[in-house]
Structure formats: structure tokens, C-alpha cells
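A short worksheet on the structure shown next.
A, B, ... follow the sequence lines: proteins, then strands. Residue 1 opens every chain.
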Amino acid sequence: MSSRYAVRQYTPPTCTLEVIAQESALSRWVGRPVLKHLRFQLSFDAPQQHTKDHVVIRGDRADLEALHAAVEDYVQTLLTHETQENSKVPPFSASQGISLHPQGLLNHELTLGSLARDSISTVRLSTLQLSDLATALDEFASEADAIPHLNRGSWLQTPPAWLRAAAAIVIAVGVTTATIRWSEQSDPALQNVPSETAQLDSRRASPPQSFAPSPAAPPPASPSPAPPSPSASKAAPVPACPNPPPP
Amino acid sequence: MVSRVQPESAKQGHGDEPFLAIADPAQLADIKAQLDLVLLALEALVGIGSEAMLQAAAQMNLEPVLSDRVTLWRLRQSSPLRKGQGGRKKLDVEEARALVLVSCHLAKQHQELIRRAVALLEQLTEQNREPHQAALLGDYLDAFNNLYQERMEAGDETSPQILTHLALKLLIDLLFYSGPGGTRRLWLALLDRAKSNPEVRKS
């Protein structure tokens, strides 16, 4: 059975969402990518902020879904209410402890819950950052479905070495252009890259090295490439990583 | 999704209701008012008019519902905030949907400008400066003010402060309506408001 391991990057101006996952064979029945073993990295990297102030969070499918739900609920509440007075904003159902609440009229505090790390448990977001975050999460959600672990058998409980090596190749090659196709069978419409994902500047050209699991065996391409030249144009599709050898 | 439909006999025409001197939040909660205001905000910020709105409608194959200036005016005129007694004050689901789609389409088209305006607003607010101090925002607030006073029944009696707050709230809303989930968000926001408002009528 063939399966593909791919990366997608969403780059609105004030944050970067990177998702790496394996495509399930179920995609064939659903007609769009169905992803498993999903991991994501979200960087709040507004250019106006110092790099040291950039917050980076990582998690799995459940974290990503909880974050998306929290952001959507919060945005919807903001839109429905006339004023941003704290007293009028109803309490949010916080899945995984992830929630948002207003700070004054134009700022918002994101409580990280299960995504907290390194003693960072909250992130302050401007309205633009909130909007960009919602945009990135929406873009991803509109393009793929993620499924929880299916108790199928043990052959792929954790990505084996070859898969991690493949992932490193994909990241190294893939982030030189804006996006990577999820799979060969995917809907051609998925090749239309949203403008957000095409915005790559030199700042984001280097691959997320700490995000990629380090390969056990040396892959054909170096896992730490020099930052590639940024691509200003919309993405040319990059082939998904080659089929892995059978286990 | 819950809609509360009032029997016809229980409803008075808008002309029979006394209008409040200051825009009542309950009235603002009305779907028709909200749709009209979202378009008003776009007009004030971007300087577009009915031509652009009709073009957007055509691009999305909404001509059966919204094809000409008169229809557009009629739909927007259904807002309870508008001047002018009598005339049709109903808006059915298909028409509301058309206005939602047109609004978000235009917001998306002009999202760079909306974004710039919100960025300026954030900046000035952080610096404790008045929004009017940025030309883009100042022009927007003036235009919004003028359009509101010109068109709305309580326009002249509504304080500039309230109008400014309303205009800025709508500007921020536009940012979210210009994104990929914009249409869904606007639709949900309208329905959430309508839960408490019996004026919504399903076709």
C-alpha cells in the first residue's frame, strides 16, 4: 500500500502554520486528503516583533482541532456581540484548555492549555494576529481532514526511520516553494494556492529544522540545507516524497 | 437554527413604531440592519457603490435575486434603521444570502485595504491617539458618519461617538469577513443576533 507524507505551510503575514502528516488511503473515498499522524507547528512571527518574542507552539491533531474550534468560537462571539465588554462575552468551552478572551477592544489573550510549553502558557494577540491565525486554521481545515489514530495494527504506530527521513527531504525541498501537493490523486483544484500560502519571504525560507524529526539514516538530501532563495511567485507543485520501501 | 416567526397580525409596520433618538442595540441586532451596515462600512472605507455590489452579485450568479439598482436599494432599505416610512420592509432568506455573499466577496476583494486600516487602528490605539489622526481612518469615519446621517432615520440624533464606535467595530468585523471563512461567519453572526429578534421571517 502506498502512502504519502507531506507538508503544508500557511503563511499569513503574522504567523506561520506548518502541518506535516501522512495521507490516509481513505482519501480516495473522501475525494480530498485525509490525514493521519498529523503534527503541526505554529509560529507567531509578526515582523514587527523581535525574533526572541516569537512564540512557537507544536501539537498533534487533537491540539490543532481544539485550537481551531477555540479560535472560531471566539471570532464568532466577537462578531455577534456589539461591544467587546468582557462581561458580555460568554464563557468559552475550552477543549484541551485552549481558549481566548478579549483584552480591551483590540487585543486578545490565547490561553494555550495543552499547548503550553517552556513556561509560556498564554499568548497575546492583536486583532490582525487573531485574524491571520483564524485564516491559517481555516485554510488548512478547508483543504484536508485529519483523523485520529485508527486501531488498525501495529505496522505504523510511530513513523519508522524511512518515513522520518522522507519527511526531512520533503521539508528541505518543499519549503523552497510555497506548498507541496498532498497527493497525486488530489483534486486539481487543490493546486490553486491561496495567496497566503504563496507569501514566502526570505525570513521564512529556512526550513523548520527543529520541527522535523531528525532522520535515523542519512537521507539522500542533507537534512540541514542552506536557506533556499525565496520564491515570490505562486507555488509550482513539488512532487510528494517517493513511495517508501515496504516494511 | 431557531427562528421565531411572529404571526402577521402581531406585527406592526415599521412606520408605526416610534424611532429612538439613539440607535437601539436591539434594532442593530436586526439582520436587515446589520447587512445594510456592513455594506455601508464597505462603501465608506473603499468608496464603492451599487455598481460594484451588482457586479459582485453577477459574478456569483445571484442575478435571479439581485440584478439591478432598484432591487439592491429595496433590499437595503428593508433595514429598520433607514429613513422612509412604508415600502417593503421584509427580506427573505435568499435575499439575505445574496447580501451576505456580496458583502464578503467585496470584503475579500479589498482585504488589503481593510487590513491596513485595522493595522492603523491598532497602532493609534496603542499609542493612545485618536483614530482620526490617520488619514485612511479619518476619511473612513467621516464617510461613514455622512452616509449614516444621510440615510438613517435617527442619523442626525446619533452621537458622533456612537457612530465612530460603530464604524470601527464594523471595520474589525470586515477583517474577519474578508477571510476564507467570511461568509460562514457573517451568516452565523446574523443568525445569532436574530435569535433574540422576532423580526426574522423565513421565506
Side-chain angles (χ1 to χ4, degrees), chain A residues 10-15 17 46-49 68-69 71-85 88-90 100 102-108 124-144 189-190 192-199, chain B residues 23-31 33-34 37-38 100 104 107-109 111-112 114-128 131 162 164-166 168-197:
Chain A
Y10 303 88
T11 57
T14 62
C15 68
L17 173 65
Q48 300 86 354
Q49 288 177 327
H68 189 200
V71 169
E72 268 319 297
D73 281 348
Y74 180 67
V75 167
Q76 210 54 54
T77 304
L78 289 181
L79 294 170
T80 309
H81 285 76
E82 284 303 319
T83 64
Q84 328 281 49
E85 290 168 21
K88 290 193 180 172
V89 173
L100 292 108
Q103 286 185 320
L105 292 172
L106 287 168
N107 289 293
H108 319 274
R124 187 172 186 258
L125 301 174
S126 68
T127 298
L128 282 179
Q129 286 176 305
L130 174 65
S131 168
D132 284 347
L133 174 59
T135 294
L137 293 168
D138 273 355
E139 289 281 1
F140 170 69
S142 72
E143 289 170 354
L190 283 175
N192 293 333
V193 178
S195 57
E196 291 93 341
T197 60
Q199 286 171 25
Chain B
D24 179 9
Q27 286 181 297
L28 288 177
D30 188 285
I31 283 186
Q34 194 58 20
L37 287 172
V38 170
V100 165
C104 294
K108 196 182 189 97
Q109 238 171 35
Q111 61 178 298
E112 280 309 313
I114 294 169
R115 199 190 169 82
R116 202 179 333 143
V118 174
L120 280 171
L121 180 61
E122 282 183 340
Q123 210 179 316
L124 289 174
T125 307
E126 273 166 26
Q127 294 163 358
N128 260 314
I162 290 185
T164 295
H165 196 134
L166 178 60
L168 295 177
K169 170 68 166 69
L170 284 164
L171 173 64
I172 295 170
D173 289 352
L174 283 177
L175 180 66
F176 292 104
Y177 297 149
S178 70
T183 310
R184 172 179 43 84
R185 287 182 189 143
L186 177 51
W187 198 238
L188 281 175
L190 295 173
L191 292 174
D192 280 344
R193 286 166 192 268
K195 269 190 229 164
S196 49
N197 191 316

Nearest heavy atoms of [X] and [Y], plus distance in Å:
X         : Y         : result
Thr14(A)  : Arg115(B) : CG2-NH2, 3.9 Å
Gln76(A)  : Leu188(B) : NE2-CB, 3.2 Å
Asp138(A) : Arg185(B) : OD2-NH2, 2.8 Å

### Query
Judged by atom type as modelled, is there a donor-acceptor pair below 3.5 Å linking the side chain of Glu122(B) to the main-chain atoms of Thr127(A)?
yes
#### Entry: Heavy-atom proximity to chain B below 4.5 Å, by part of Glu72(A)
side chain
### Query
Under a 4.5 Å cut-off applied to non-hydrogen side-chain atoms, are Leu175(B) and Leu130(A) in contact?
no
### Message
My understanding is that only one of Leu106(A), Leu128(A), Leu105(A) makes a side-chain contact (heavy atoms from CB on, under 4.5 Å) with Leu121(B); could you say which?
### Response
Leu106(A)
